[in-house]
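Structure first, commentary second.
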Amino acid sequence: MNNFQITSLLSKVIISDSEKQDLFKSIKNLCENKAAQTAFFEYCKNWKLAPWVFVRLKRLNLLALFDSEIQQRFSVFYEQIKKENEDRNKEAIKILKAFKKNNIDVIILKGNLFIHTIYQDTGYKKMNDFDILIHPKDWYKVQKIYLSMNYIPLGFGWSGEKQKAAKFSHAGISFISPNYKCITGTQWGLKSPTSKYDVDIDDLWKTAIAFDFYGEKVKQLSPEYNILHLILHMGIYKCGTRDFMDVYNLFLSEYDIDNNKLISIISQSNARDKAFFTFTLSNVCSNVIDLTLIEQIKPADKGFILNRLKSRLKMFMKYGDLHNSYHDYFQEIEMVVFYFNLFPVFHKRVVLYFKLVKLILFPSNEMVLKFSDITEKESVFRKTIARIKAPYLVLGVIAEEIGGGITILLLTKFFLETFFSLKNYFFSKESYFDYLIKKGILPDDIKSAVKKIQ
């Protein structure tokens, strides 16, 4: 087995006796060569699998096969992630206590839930923030609580205005704790309402079930809505074993999943193509999800997502690894937009605007290849076609997240805002970083915290 196959097997919370035997043989062979051990650790670290692989190697009594130096590297990396997650949880408990006092209903989402319900380990993966779902009517109270606890807003809303939950968004601005250990991800929906997806939020809340988070009585999504959330959250390119394992391990866990209910909410949410994409690639890693279920949600018509799936599978058959196309280009674009909104002056906005245009129209050669699921080994003709297609694929990824129409509107909006920011040379406007300095907060500390997001 190659590193992709080994880590995919290790990622599963339950494996068969025959799979254990295959793992033992493969890892024993791998460990006969120090360079191969090092390459394996770097592979795990690069694809963000090292913490969970370390846990699984220990639980399956396979860690001792590795050289002591490699064991130590796995251990140090795991302990670092575990400490970050536990520090975040300590801050989150304070928030949840404040929510309870103010009668705010909250659902714990994704990894911060799964550490308890699926993996039973606080260090199983690195998490950027503490994601929660609230009712939109409570966003006003939630902001007051964050500000009263001296949390620092990241981006617009930083002046403390008590804005209502926006109808064009599914999430509020993030806040970071004064010690920079916890970034909040506060949502009132699972996906942007400007996207093509339409989640029945009333049914989501109605079917939510009780959950105990370190003694705090909160809620979790039903298993079916947890799967839907993972489907909607799955990137088109930011998707590898680490991302898919939450999906197939949820099927392997003690959750009682109603397939009929799951098919129903996937269909009602207009997510059949994204679900088919997610389940098919999850099975490339695990072969866990029932093929009958996958066939039942298969969409009739092909489109952007299914074309990407076909391309990804072709790439996998050729190279034996799903990670060759892995990237988070959308986040890179998001960060440019984030900084664009922080600086009101023309000379900074115009640079960021053209950087945004360049990212969309002229991706780097490395990104061009990844978008088309090919490598440097391909012919000049195929690489030329990939270059021509790249802007379409970039816009397709953005449209998948926020919707096609809103993508064009936002690009137009950024152009106009860049032009009209000339007035700020004559009518001074306080920037976000001016605000931070007034509060005695070092802007570099905020920048450093934001850069750690993966």
Side-chain angles (χ1 to χ4, degrees), residues 128-129 136 139 153-159 161 163-175 185-199 232-238 269-271 273-274 303-305 308 327-364 367-368 371 389-424 429 431-433 447 450 453:
N128 293 321
D129 48 19
W139 176 229
L154 298 175
F156 277 164
W158 50 266
S159 60
E161 66 261 34
Q163 71 256 42
K164 295 180 181 178
K167 292 182 180 179
F168 56 83
S169 177
H170 72 295
I173 59 168
S174 294
F175 285 74
T186 315
Q187 305 173 199
W188 45 86
L190 298 189
K191 194 73 172 180
S192 172
T194 60
S195 72
K196 69 172 187 175
Y197 305 108
D198 185 18
V199 180
L232 298 181
H233 188 72
M234 191 65 64
I236 299 298
Y237 290 94
K238 188 188 178 184
S269 302
N270 195 30
D273 54 352
K274 192 68 179 290
F304 178 78
I305 293 176
R308 299 328 314 146
H327 65 75
D328 194 8
Y329 204 65
F330 181 75
Q331 187 191 43
E332 193 171 341
I333 291 172
E334 275 189 312
M335 293 310 298
V336 173
V337 173
F338 175 76
Y339 282 112
F340 179 92
N341 287 325
L342 297 186
F343 295 104
V345 291
F346 175 80
H347 67 277
K348 290 189 176 181
R349 280 198 165 176
V350 72
V351 171
L352 289 166
Y353 177 77
F354 280 108
K355 184 176 182 180
L356 179 63
V357 171
K358 182 181 178 183
L359 285 172
I360 294 171
L361 298 182
F362 306 104
S364 68
M367 286 298 107
V368 165
F371 271 110
K389 288 170 58 179
Y392 160 75
L393 295 175
V394 175
L395 288 170
V397 169
I398 300 173
E400 157 62 18
E401 292 293 331
I402 63 174
I406 199 70
T407 299
I408 303 302
L409 286 174
L410 283 176
L411 291 174
T412 305
K413 177 177 178 287
F414 293 145
F415 172 78
L416 294 175
E417 286 185 349
T418 299
F419 177 76
F420 286 116
S421 65
L422 285 166
K423 66 179 174 51
N424 294 321
K429 184 178 180 181
S431 74
Y432 172 66
F433 294 115
K447 290 178 184 178
V450 170
I453 297 174

Practice task
Scan Val336, Val394, Thr407 and name whichever one has a side chain to side chain contact (heavy atoms under 4.5 Å, CB included) with Ile360.
Solution key: Val394

Problem - Closest heavy-atom pair and its distance - Lys274, Leu232 - result: NZ-O, 3.5 Å

Exercise for the section: Check whether any side-chain heavy atom of Val368 lies under 4.5 Å from a side-chain heavy atom of Pro363, and answer yes or no. Expected result: yes

Handout entry: Shortest non-hydrogen contact between Tyr329 and Leu359, atoms and distance
Key = OH-O, 2.6 Å

Problem - Verdict with reasoning, Ser269 to Val199, per side chain to side chain contact (heavy atoms under 4.5 Å, CB included) - result: CA-CA 5 Å; Ser269 302; Val199 180; 4.2 Å; yes

Practice task
Evaluate the side chain to side chain contact (heavy atoms under 4.5 Å, CB included) criterion for residues Val351 and Leu356: first the C-alpha distance (whole Å), next the side-chain angles of each, then the deciding distance (0.1 Å), finally the verdict.
Solution key: CA-CA 9 Å; Val351 171; Leu356 179 63; over 6 Å; no

Handout entry: Pairwise distance CZ(Phe175) to CG(Leu154) - rounded to 0.5 angstrom
Key = 8.5 Å

Problem - Neighbour count above 12 (heavy atom, 6.0 Å) for Lys196 NZ - result: yes

Exercise for the section: Might you work through the side chain to side chain contact (heavy atoms under 4.5 Å, CB included) test for Phe330 and Lys238, ending with a clear yes or no? Expected result: CA-CA 9 Å; Phe330 181 75; Lys238 188 188 178 184; over 6 Å; no

Handout entry: Rounded distance [0.5 Å steps], CG in Asn270 versus NZ in Lys191
Key = 12.5 Å

Exercise for the section: Kindly compute the distance separating OG (Ser195) from CD1 (Ile402), expressed to the nearest 0.5 Å. Expected result: 9.5 Å

Problem - Backbone N/O of Thr418 and side chain of Arg349: donor-acceptor pair under 3.5 Å - result: no

Problem - Atom pair CD1/CG of Ile173 and Asn341 - distance to nearest 0.5 Å - result: 11.5 Å

Practice task
Report the C-alpha distance between Leu410 and Val337 in whole Å, list the side-chain angles of each, state the deciding distance to 0.1 Å, and finish with yes or no for side chain to side chain contact (heavy atoms under 4.5 Å, CB included).
Solution key: CA-CA 10 Å; Leu410 283 176; Val337 173; over 6 Å; no

Practice task
Please examine the side chains of Phe304 and Tyr392, heavy atoms only from C-beta on, and report whether any two atoms are closer than 4.5 Å.
Solution key: yes

Exercise for the section: To the nearest 0.5 Å, tell me how far Leu352 CG sits from His347 NE2. Expected result: 10.5 Å

Handout entry: Gap separating the OH atom of Tyr353 from the CD atom of Glu417, nearest 0.5 angstrom
Key = 11.0 Å

Completion exercise
Taken in chain and number order and not counting sequence neighbours, the residues that satisfy ring pair (Phe, Tyr, Trp, His ring centres under 6.0 Å) with Tyr237 are His327, Phe371

Problem - Exercise: identify the closest heavy-atom pair between His170 and Leu190 - result: CD2-C, 3.8 Å

Handout entry: No-hydrogen, no-angle side-chain donor-acceptor test under 3.5 Å, Tyr339 and Glu334
Key = no

Exercise for the section: Would you name the heavy atoms of Phe346 and Ser421 that are closest together and state the gap between them? Expected result: CA-OG, 3.2 Å

Exercise for the section: Say whether, by atom type as modelled, one donor and one acceptor occur between the side chain of Trp188 and the main chain of Ser169 under 3.5 angstrom. Expected result: yes

Practice task
Find out whether Thr194 and Leu409 are in side-chain contact, i.e. whether some heavy atom of one side chain is under 4.5 Å from a heavy atom of the other.
Solution key: no

